[in-house]
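The structure appears right after this line, and notes come after that.
Within every chain, numbering begins at 1; the chains are lettered A, B, ... in the order of the sequence lines, protein sequences first and strands thereafter.
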Protein chains: 2
Amino acid sequence: MTQRSQRGRRRGHGRPTLDDVARTAGVSAITVSRALRTPEKVARETREVVASAIAKVGYIPNLVAGNLASIKTRTIAAIVPTLEHSIFTEMLQGMVDVLRDEGFELILGSSGFDIREEESLIKTFLARQAEGIVLTGSFHTDEAQQLLARLDWPVVETWSLLGTPSVGSVGFSNYDAAYEMVKHLAERGYREIAFVSAVTEANDRAAERLRGVRRALADLGLPERAERIRTSEFSLRAGGESMHAIRAACPETDAIFFAADTLAAGAILEAKKCGISVPDEIAIAGFDDLEIATVIDPPMTTVRVPRRDLGRVAARLLIEATEHGFGGGVQRDLGFELVVRGST
Amino acid sequence: MTQRSQRGRRRGHGRPTLDDVARTAGVSAITVSRALRTPEKVARETREVVASAIAKVGYIPNLVAGNLASIKTRTIAAIVPTLEHSIFTEMLQGMVDVLRDEGFELILGSSGFDIREEESLIKTFLARQAEGIVLTGSFHTDEAQQLLARLDWPVVETWSLLGTPSVGSVGFSNYDAAYEMVKHLAERGYREIAFVSAVTEANDRAAERLRGVRRALADLGLPERAERIRTSEFSLRAGGESMHAIRAACPETDAIFFAADTLAAGAILEAKKCGISVPDEIAIAGFDDLEIATVIDPPMTTVRVPRRDLGRVAARLLIEATEHGFGGGVQRDLGFELVVRGST
DNA sequence: CGACTTAATGTTAGCGCTAGCACAAAGCAT
DNA sequence: ATGCTTTGTGCTAGCGCTAACATTAAGTCG
């Protein structure tokens, strides 16, 4: 028999442990554990003794230890490109709502639209034993792709339906949405259509929207001019600037489709400031259906996307996958809605 | 001698462990651990052998186990009222920037402006062994206060300087900011001033702003009328509605100070839509200095708050506290700036 | 060249919890 | 009474990692 624990606890937090509770309640540690996690398996009387012991010593469970022992962390990770664009934070809010109801926590990463940073975050979250992860889009580094492919780890991609992540994709067709908008503009009689995109590099949503615009222009026999296809950062100011740049380069332009409401709203505000009439002189369309689209004058034609639901559905799929396994990879097309208002 | 491990691993992930790496590298587990965490203590040659073994077996560290063994999680928690208001997400972005540089991760909670939910989140984050927490404001439930008081756990409060959290407060004086804005309006000659606040219940920022407005009105000898002190939810639409409601109740009102730019912007947009001239018929002031304040017409007078820095400083304080201890509780007044533009 | 540091690696004993069984006591049919 | 389930509780052995100490092989110095 080895001689041990001669001098009590050598390391540790100093916070009370399960054993402390067990000792003051006069039961074993496992009983306390059960009283907390599966109370129906503990006699009412014992439960009460344990409860008062917990209160007495001020016990707070150590989930890190519990996670290690049970190989479950009840943690889901999410990586978004930025926290400064409300479409992503609203999606996160949807996720958090569902996760919290189901007793899961969110660990959050923001990649800054950089897939290498995304890869690094993925590795961190793997190391932290997140039980699943929500990614934005389906463009990732090769290494990340390979890692995810060989790992049997629940992954959901959002905002896009192009990838084949282990659990599924939750999104809508960015291509179709952009196509529909151009079709709408054409039906309204606009022929000289410009498109202002987000940066498309490593961003499949933006790339798909651009593809949709191009295809629609071609199908409808409308002219596509390079000077009218621009990329821009996301800000109100940049929206106004893009409008001016396009009008300077191609004065005959009669409609501009922006890949984000923020840009489109900036353009409408700037147009009004400069006495340019919307939609008579120039039509403006956006993408997202943020609140500003409804209160701006004229109200903005845009594409409504179910950002809250994107988060909710992604979270549910992932929880389902952690609890009942997964395979194949479902595709949840949550659709979009063309909302026609006064700006076109 | 006890007979054990007759049939190998009984539970576990199936992912390779430190031991697997150690075995293929022909060294002990602790050497692999050191090669990863303190490479300078391992001979170059060994380091290389270990590195290739890691690559060979595809090892990903299990931080949950590491955290338990080292009693360190390198995790910081943050609780914000909502993710749907960019001032908070920008603060979080500031936090994430600093945390990631220092090798910390963020666990995020959103309380929905409900301090009971906040309390529940605090307990969860304690249980998850977060090394510190960033809270919004200094209103918490009694139980949360007591828990935090007796726990010797690093806590930083943001957006307010009123509390005495264990590590410190990072914010500015909401009272002074509101006071200054009213003073500015008075100097501009406005005398019939209205104030639209966020809900003040359990929200010390809103309560302080209201107090500042009241005090300023009193000090400056301006009339305070109950019909002109309103609370409102946060939205563009609600801003416009508040403006109408105030003008209906008190037609002589010549200036409205909104506790958020979103509200003020909604009011300006609505005013333009209705042909109400800003600032001639009614002056509008906001709070936050969001981008829209600069591009709207007229540009908006508002209070600039250092939201990104709030997050950065809070994160740094907390990291410092986890590494070198803490005591007392510092107060970092990051200040605010009255930005006067055309709307007043 | 023996005592003494330094560098590199290994051994042991947990961190605080839970899975999997073992076991006692009680209920229930036969 | 016998066997057989059910209920409540406890014991043992880890989960995968790291702190603390132990050990060995090289330098280092007067």
Expressed in angstrom and rounded to an integer, what is the separation of [X] atom [atom1] from [N] atom [atom2]?
{"X": "B:I60", "N": "D:dC17", "atom1": "CD1", "atom2": "C1'", "result": "16 Å"}
{"X": "A:D19", "N": "C:dC15", "atom1": "CG", "atom2": "C1'", "result": "12 Å"}
{"X": "B:I54", "N": "D:dC17", "atom1": "CD1", "atom2": "P", "result": "10 Å"}
{"X": "B:I71", "N": "C:dA13", "atom1": "CD1", "atom2": "C1'", "result": "13 Å"}
{"X": "B:N67", "N": "D:dC15", "atom1": "CG", "atom2": "P", "result": "18 Å"}
{"X": "A:L68", "N": "D:dG16", "atom1": "CG", "atom2": "P", "result": "7 Å"}
{"X": "B:R74", "N": "D:dT18", "atom1": "CZ", "atom2": "P", "result": "13 Å"}
{"X": "A:R128", "N": "D:dG16", "atom1": "CZ", "atom2": "P", "result": "18 Å"}

> What are the residues of residues 27-46 of chain A, sorted by number, that bring a heavy atom to within less than 4.0 Å of DNA chain C?
Replying inline: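 Within this stretch, A:I30, A:S33, A:R37 sit under 4.0 Å of the strand.
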> How about B:R308 and B:M91: do any of their side-chain heavy atoms sit closer than 4.5 Å?
Replying inline: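 Side-chain contact under 4.5 Å: no.
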> Quick one: are B:S166 and B:W153 in side-chain contact, heavy atoms under 4.5 Å?
Replying inline: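 Of all side-chain heavy-atom pairs linking B:W153 with B:S166, none is under 4.5 Å.
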> Looking only at heavy atoms, what is the nearest atom pair of A:A78 and A:L106, with distance?
Replying inline: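 Answer, listing the atom of A:A78 first, then A:L106: CB-CD1, 3.7 Å.
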>> List the residues meeting side-chain contact (heavy atoms from CB on, under 4.5 Å) with B:D152, not counting sequence neighbours, and say none if there are none.
In response: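 Only B:F326 meet the side-chain contact (heavy atoms from CB on, under 4.5 Å) criterion with B:D152.
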Does a donor on one side chain sit under 3.5 Å from an acceptor on the other, for [X] and [Y]?
{"X": "A:R74", "Y": "A:T322", "result": "no"}
{"X": "A:T17", "Y": "A:R23", "result": "no"}
{"X": "B:R128", "Y": "A:T75", "result": "yes"}

>> Can you give me the bend angle of the helix from C:dC1-D:dG30 to C:dT30-D:dA1? Use the axis through the first five pairs and the one through the last five, nearest 10 degrees.
In response: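 Between the first-five-pair axis and the last-five-pair axis there is 30°.
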>> One thing to verify: whether A:R316 and A:E102 come together as a salt bridge, which I'm taking to mean a side-chain N less than 4.0 angstrom from a carboxylate O.
In response: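 No salt bridge links A:E102 with A:R316.
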> Would B:L151 and B:L126 count as a side chain to side chain contact (heavy atoms under 4.5 Å, CB included) if you check the C-alpha gap in whole Å, the side-chain angles of each, and the deciding distance to 0.1 Å?
Replying inline: CA-CA 10 Å; B:L151 222 56; B:L126 267 170; 3.3 Å; yes
Restricting to nitrogen or oxygen on both sides, can you table the protein-nucleotides 22-28 of chain C pairs closer than 3.5 Å?
none

Side-chain donor-acceptor contacts of residues 107-114 of chain B below 3.5 Å, not counting sequence neighbours, with atom names and distances?
{"residue": "B:S110", "atom": "OG", "partner": "A:Q93", "partner atom": "NE2", "Å": "3.4"}
{"residue": "B:S111", "atom": "OG", "partner": "B:F113", "partner atom": "N", "Å": "3.3"}
{"residue": "B:D114", "atom": "OD1", "partner": "B:R116", "partner atom": "N", "Å": "2.8"}
{"residue": "B:D114", "atom": "OD1", "partner": "B:E117", "partner atom": "N", "Å": "3.4"}

>> Can you tell me which nucleotide in D:dC15, D:dT18, C:dC15 comes closest to the side chain of B:L18?
In response: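 Closest of the options to the side chain of B:L18: D:dT18.
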Taking distance alone, no hydrogens or angles, what donor-acceptor pairs closer than 3.5 Å link side-chain atoms of residues 137-145 of chain B to residues at least two apart or in another chain?
{"residue": "B:S138", "atom": "OG", "partner": "B:D204", "partner atom": "OD2", "Å": "2.5"}
{"residue": "B:H140", "atom": "ND1", "partner": "B:E118", "partner atom": "OE1", "Å": "2.8"}
{"residue": "B:H140", "atom": "ND1", "partner": "B:E118", "partner atom": "OE2", "Å": "3.3"}
{"residue": "B:H140", "atom": "NE2", "partner": "B:G137", "partner atom": "O", "Å": "3.4"}
{"residue": "B:H140", "atom": "NE2", "partner": "B:E157", "partner atom": "OE2", "Å": "2.9"}
{"residue": "B:T141", "atom": "OG1", "partner": "B:E119", "partner atom": "OE1", "Å": "2.6"}
{"residue": "B:T141", "atom": "OG1", "partner": "B:A144", "partner atom": "N", "Å": "3.0"}
{"residue": "B:E143", "atom": "OE2", "partner": "B:K123", "partner atom": "NZ", "Å": "2.8"}

